[in-house]
Number of protein chains: 2
Amino acid sequence: MSKKEEIESPVVAVDAVIFTVIENRLNVLLTKIKYGPYAGSWGVPGGRVRMDESLDEAAKRELLEKTGLKNVYLEQLYSFGRVDRDPRARIISVAYFALVDHNKVKLRTTGKYEDIKWLPLKGTGKLAYDHNEIVDYALFRLKNKIKYTNIFYSLLPEKFTLSELQRIYEITLEKKLDKRNFRKKIFSSGLIKEAGVTVGMPHRPSKLYSFRNRKPVFVEMF
Amino acid sequence: MSKKEEIESPVVAVDAVIFTVIENRLNVLLTKIKYGPYAGSWGVPGGRVRMDESLDEAAKRELLEKTGLKNVYLEQLYSFGRVDRDPRARIISVAYFALVDHNKVKLRTTGKYEDIKWLPLKGTGKLAYDHNEIVDYALFRLKNKIKYTNIFYSLLPEKFTLSELQRIYEITLEKKLDKRNFRKKIFSSGLIKEAGVTVGMPHRPSKLYSFRNRKPVFVEMF
DNA sequence: CCAAAAGTGTTGGGGATACACCCATGA
DNA sequence: TCATGGGTGTATCCCCAACACTTTTGG
């Protein structure tokens, strides 16, 4: 039992669904695949899990390699394991999802991919493997999660106005929110604190806020 | 790329946290481990994922082998992948959790385990590997999930009284519920339907109910 | 007639929703 | 002074929680 076993085993990979907001739309980071049956297709970035790293570490490494970012919101989503999800080999994908501020990202293509870029969530077309399913599920989880957490700390700049925050919520939830009620909820959640005011706008200056914590916090909100 | 690769890869296993209620307490199905550094310890049942089965299929197979049951509530929980979680080998565990009616279960020990039995959730003591963490997380998810789903269809007999259902909720949530409010919520959820009455009790007969669906359904309740 | 569990209605409070107007600034 | 977005208060409704007594049966 303790010797090396010869039983074949599936390969383990992590895939990362990385969301950001660009021009009032949710975007996902996608890579163009160079080799194999899906060459030319777009898919979410991913890679094999090494023997000396945990799943979380593998996901962090993937995120760092592709975006240069650390310390962003990154959470395990689900593990996808259909037998035929990759026609070439038996691969189990442990999917993660992350939120980033795209202004902080310097995209870097590695040898494995032909290209890497942000694509609006609506209009990615058919993705490689089962990646449409993975992205859809990530979106579902995201929509739920923002109702009771502060995870947008990872998507917005350090300081932001309440209107900006509300816009992100509206984009993600795909519906308009009442400004007054939104403010009441956010304030009563205690998730944010004041952080100055804007200047130089052609209208009344707005207060700036920042999240009290840069780690996930759970509350009830919506 | 398409040839067999020689890169070492973690082994993939599924572990199943199987809950039931016995004598007003939540119990978990545990197996006594025969070999290795945790020999003699108890842990949740699990096994390697085969090359020709999906993760879900592996979990179903595990459940069937240990309990003889099919078609019960079984859902993927989380994947655990710390490097040192098994001192002998690098093993990724995709954990599932299930709810069963223990009266329908015929426990069967397979060669791999010395013993298998139900143990009350409080008082399992220290389990093998990271199985305490896995069981704790499964319980957390269970407590949440019953607030907005019908998954107890899998734990109760086909027909049950509202008092029985309420008892299961109280045991799981570890708190008393108001009988009148409980009934209102359950009825308004539309999850159950009438299914006869009890007879031969030394008190007023109660109506019997059954779940409208034997597949997971989502509603808002608690 | 007694024990045991089943079953049922009403009230009050708090949180959510809906809604419209004034404010401060730069140009 | 005007255009632009920032910022605020209140009335209503509905849902939830709290609460106690009557009903039906077997023994």
Side-chain angles (χ1 to χ4, degrees), chain A residues 21 23-24 143-144 146-149 152 156-157 159-211 218-222, chain B residues 21 23-24 143-144 146-149 152 156-157 159-211 218-222:
Chain A
V21 168
E23 288 169 7
N24 294 331
K143 283 184 179 183
N144 282 308
I146 59 171
K147 293 176 185 171
Y148 59 91
T149 62
F152 278 147
L156 285 163
K159 298 179 177 189
F160 51 85
T161 67
L162 275 187
S163 297
E164 284 166 350
L165 181 59
Q166 181 173 347
R167 216 184 69 247
I168 302 289
Y169 270 92
E170 289 178 340
I171 291 165
T172 306
L173 296 173
E174 297 179 286
K175 67 176 179 190
K176 280 226 155 299
L177 299 173
D178 180 272
K179 187 169 30 161
R180 287 158 286 195
N181 295 334
F182 178 78
R183 284 164 187 246
K184 269 181 275 184
K185 271 180 202 156
I186 294 295
F187 288 139
S188 74
S189 77
L191 292 177
I192 62 172
K193 61 178 189 218
E194 297 197 8
V197 290
T198 58
V199 288
M201 296 293 178
H203 55 76
R204 175 172 176 176
S206 53
K207 287 188 182 169
L208 290 169
Y209 295 88
S210 61
F211 283 96
F218 295 72
V219 293
E220 276 307 326
M221 280 198 300
F222 291 92
Chain B
V21 169
E23 287 167 8
N24 293 332
K143 284 184 179 183
N144 282 308
I146 59 171
K147 293 175 186 172
Y148 59 92
T149 62
F152 278 148
L156 285 163
K159 297 178 178 189
F160 50 87
T161 68
L162 275 188
S163 297
E164 284 165 351
L165 180 60
Q166 180 174 348
R167 216 185 69 247
I168 302 289
Y169 270 92
E170 289 178 340
I171 291 166
T172 306
L173 296 174
E174 297 181 286
K175 67 177 178 189
K176 281 227 154 297
L177 300 173
D178 181 272
K179 187 166 34 158
R180 287 156 288 194
N181 294 335
F182 178 78
R183 284 164 188 245
K184 271 180 272 184
K185 271 180 201 156
I186 294 294
F187 288 140
S188 75
S189 77
L191 292 177
I192 61 171
K193 59 178 190 219
E194 296 197 9
V197 290
T198 58
V199 289
M201 296 291 177
H203 56 77
R204 176 171 173 175
S206 53
K207 287 187 182 170
L208 289 169
Y209 295 87
S210 60
F211 282 96
F218 296 73
V219 293
E220 275 307 326
M221 280 198 299
F222 290 93

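In the text below, chain A, chain B and the rest are named by the order of the sequence lines, each starting its count at 1.
Using a 4.5 Å heavy-atom threshold, the side chains of B:N24 and B:R167 count as touching. Side chains of B:Y169 and B:L177 form a contact here, defined as non-hydrogen atoms less than 4.5 Å apart.
Nearest-nucleotide mapping onto DNA chain D: of A:P202 and A:K179, the residue sitting toward the 5' end is A:P202. Nearest-nucleotide mapping onto DNA chain C: of B:T161 and B:K184, the residue sitting toward the 5' end is B:T161.
Atom-to-atom, CG of B:L208 to C1' of C:dA6 comes out at 12 Å; the value is rounded to the nearest Å. The separation between B:L165 atom CG and C:dA6 atom C1' is 15 Å, rounded to whole Å. Whole-Å rounding puts the B:M201 CE to D:dT24 P distance at 18 Å. In this structure, the CG atom of A:N181 is 15 Å from the P atom of D:dT10, given to the nearest Å. The distance from atom CG of A:L162 to atom P of C:dC23 is 20 Å, rounded to the nearest whole Å. One atom, CZ of B:R183, and another, P of C:dA6, lie 7 Å apart when rounded to the nearest Å. Protein atom NE2 of B:H203 is 22 Å distant from nucleotide atom P of C:dC1, rounded to whole Å. Atom-to-atom, CG of B:D178 to C1' of C:dA6 comes out at 14 Å; the value is rounded to the nearest Å.
The aromatic rings of B:F211 and B:F160 lie tilted to each other, with the angle between the two planes from 30° to 60°.
OP1 or OP2 of C:dA6 lies within a sub-4.0 Å distance of a side-chain N or O belonging to B:S163.
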Atom pairs and distances, side-chain donor-acceptor, residues 185-197 of chain B, under 3.5 Å, sequence neighbours left out:
{"unit_1": "B:S188", "atom_1": "OG", "unit_2": "B:K184", "atom_2": "O", "d": "3.3"}
{"unit_1": "B:S188", "atom_1": "OG", "unit_2": "B:K185", "atom_2": "O", "d": "3.2"}
{"unit_1": "B:S189", "atom_1": "OG", "unit_2": "B:I186", "atom_2": "O", "d": "2.6"}
{"unit_1": "B:S189", "atom_1": "OG", "unit_2": "B:L191", "atom_2": "N", "d": "3.1"}

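Side-chain to base pairing of A:R180 with C:dA20: one donor and one acceptor N or O lie within less than 3.5 Å of each other.
Taking only side-chain atoms of B:P205, from C-beta outward, the nucleotide of C:dC23, D:dT24, C:dG7 with the closest atom is D:dT24.
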